[in-house]
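Down below is the structure, laid out as structure tokens.
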Amino acid sequence: MSSSDRVIIFDTTLRDGEQSPGASMTKEEKLRIAKALERMRVDVIEAGFAIASPGDFDAVKAIADTIQDSTICSLSRALDGDIERAAEALAGANSGRIHTFIATSPIHMQHKLRMQPDQVLEQAVRAIKKARNLCSDVEFSCEDAGRSEIDFLCRVVEAAIDAGARTINIPDTVGYAIPHEYAELIRQLMNRVPNADKAVFSVHCHNDLGLAVANSLAAVVAGARQVECTINGLGERAGNAALEEVVMAIKTRHDLLGVHTNIDTPHILSVSRMVSGITGFPVQPNKAIVGANAFAHESGIHQDGVLKHRETYEIMAAQDVGWHANKMVMGKHSGRSAFRSRLLELGIELASETELNAAFARFKDLADKKHEIFDEDLQALVSETLAEDAPEFYKLVSLEVASKTGEVPHAHLVLNMDGVEVASDDQGSGPVDATFKAIEKVAQSGATLQLYSVNAITQGTDSQGEVTVRLERGGRIVNGNGADTDIVIASAKAYLNALNLMHIGADKAHPQVDGV
């Protein structure tokens, strides 16, 4: 195939995906995901918004300094300070890109920017030229392009290309577009802008109407050759176009679309699980491609058909996206070498022997409780191992709960609070409620519990429970995660993890104040 048949996959899980309330990730977690995305052969990884906070800058820099095969991108507003900070973070990148943007829709220019169209055009050009002097690869986005006037949009795009932008992003920022309408917008821009052939047209679709993937594919048919997307469709509000759905639609319907990507698709499932585990956003069972039921058949007619010939009811092979790709069963007799090998197959590369030893010790402890260890268990225990390396103000020492029919549940626990052990007791409507109240009796965090979610990591009654706790305080939202074969202990771990995140990041800004 020619290069014009390739669709560039631009992953923004670490930037736009992090804008989901509670989905903030540490530098180490971002780097772990970035390595998995590189292994999956993602073309461009948007690592963050460098000027948003010192933590975001450090994460972008660490990823830029580490990743070799993917282009590393940092977002910036059309402001000198943003652009300079992005360039500084990307200085060590093997291949770097500055992604700058400004809003072009009447509603954004009037009410948010308070600028006239000519002022917006002038600022866009100035920003692109500055970025181009600092980085050879510059992308420009017309924020809220889906609601922009086509004549003005054409002017801005032409000027942006003349100024040095080699990728032009036409985002559906608020998820307002309908596929045929969005395709026509892309088609008109590519036909009307005189220098359109000098740039790659990109699309970035939000899912407010559930059409992000459909709009992205419609744009590809119209000529767009970069799709901006996230793992599991993660993102603010209703999320972004899901990478796994875009990629597999292109692969499965090559007969109709006639394009391809460079994504190594058998890694999709493991990356999906990694992102879900790190962010605490579980994947719904009926989610396309990576949901637990994506290749499950309950109907007898369907089961019979699949047994006779898979393609009667399956349009793609489960193995193509990583389901059942490896039959190795891990258990208490598995050695350190097999453990390391399986982690590498899952895209997990621990930074040191110390981390590997700690994770292996947890694996052995879990293997004493469970007969078989699944990939999801490994993802969870690695996350927990790495989390222990971060400063922990609160740590669970011991927990004892009593729950009997006709009696009020009671919890007694001992916490290590900044090196000092403190005991606490309380009652609640259930063992988890009693545990949380006992924690709060000593923590007195002032946080509000917004979400409590329990998911079985694997099948069977010996499955680990993965708990997500979302806390809010003063407008700041954090997600805490915990896993254990005992649900109450997992719940306590998740709550304490959230409190630690709240405590450690008390001064951390939201990962982004604006964006496409």
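- The existence of a salt bridge linking K35 and E38 is excluded, since no basic side-chain nitrogen approaches an acidic carboxylate oxygen closer than 4.0 Å.
- A donor and an acceptor atom, one from each side chain of N455 and S453, are located under 3.5 Å apart.
- R237 and N207 are not linked by any side-chain donor-acceptor pair at a separation below 3.5 angstrom, with hydrogens and angles left out of the test.
- In summary, R97 and E46 do not engage in a salt bridge, as defined by a charged side-chain N under 4.0 Å from a carboxylate O.
- Taking 4.0 Å as the cut-off between side-chain N and carboxylate O, D484 and K493 count as a salt-bridged pair.
- Between L243 and M40, the closest heavy-atom pair is CD2-CE, 3.8 Å.
- In this structure the side chain of L356 reaches within 4.5 angstrom of the side chain of R340, judged on heavy atoms.
- Put simply, the side chain of N169 does not reach to within 4.5 Å of the side chain of F101, judged on heavy atoms.
- At a threshold of 4.0 Å, the pair D82-R77 counts as salt-bridged, since one of the basic side-chain nitrogens sits closer than that to a carboxylate oxygen.
- Using a cut-off of 4.0 Å between Lys/Arg side-chain N and Asp/Glu carboxylate O, E245 and K287 are scored as salt-bridged.
- The cationic atom of R362 (NZ for Lys, CZ for Arg) does not lie both less than 6.0 Å from the six-membered ring centre of F339 and within 45° of the ring axis.
- Every residue two or more places apart in sequence or in another chain was checked for a salt bridge (charged side-chain N to carboxylate O under 4.0 Å, His left out) with E421, and none qualifies.
- With no hydrogens or angles considered, a side-chain donor-acceptor pair links H99 and S141 at under 3.5 Å.
- Side chains of H204 and D172: no donor on one and acceptor on the other come within 3.5 Å.
- In this structure the side chain of V414 never reaches within 4.5 angstrom of the side chain of V422, judged on heavy atoms.
- Minimum heavy-atom separation, E472 to G474: OE2-N, 3.4 Å.
- Side-chain contact between D11 and V44 is absent, with no heavy atoms from C-beta onward closer than 4.5 Å.
- A perpendicular orientation is assigned to the rings of F436 and Y452, their planes being inclined by more than 60° (bins at 30° and 60°).
- Put simply, the side chain of H267 does not reach to within 4.5 Å of the side chain of V321, judged on heavy atoms.
- A 4.5 Å side-chain heavy-atom check between I107 and D144 finds at least one atom pair inside the cut-off.
- Checked for salt-bridge contact, K61 and D58 miss the test: no charged N lies under 4.0 Å from a carboxylate O.
- A side-chain donor-acceptor contact under 3.5 Å links D16 and H206.
- Side-chain contact annotation: N479 with T468, donor-acceptor N/O pair under 3.5 Å absent.
- You'll find the side chain of I72 reaches within 4.5 Å of the side chain of L90, heavy atoms only.
- I231 is not listed as a side-chain neighbour of M274, based on a closest heavy-atom distance of 4.5 Å or more.
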**Request:** List the steps, then state whether side-chain hydrogen bond (donor to acceptor under 3.5 Å, both in side chains) holds for D320 with T265.
**Result:** CA-CA 6 Å; D320 285 351; T265 62; 5.6 Å; no

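- A490 and V467 get closest at one heavy-atom pair: CB-CG2, 3.8 Å.
- The existence of a salt bridge linking K112 and E143 is confirmed by a sub-4.0 Å separation between a basic side-chain nitrogen and an acidic carboxylate oxygen.
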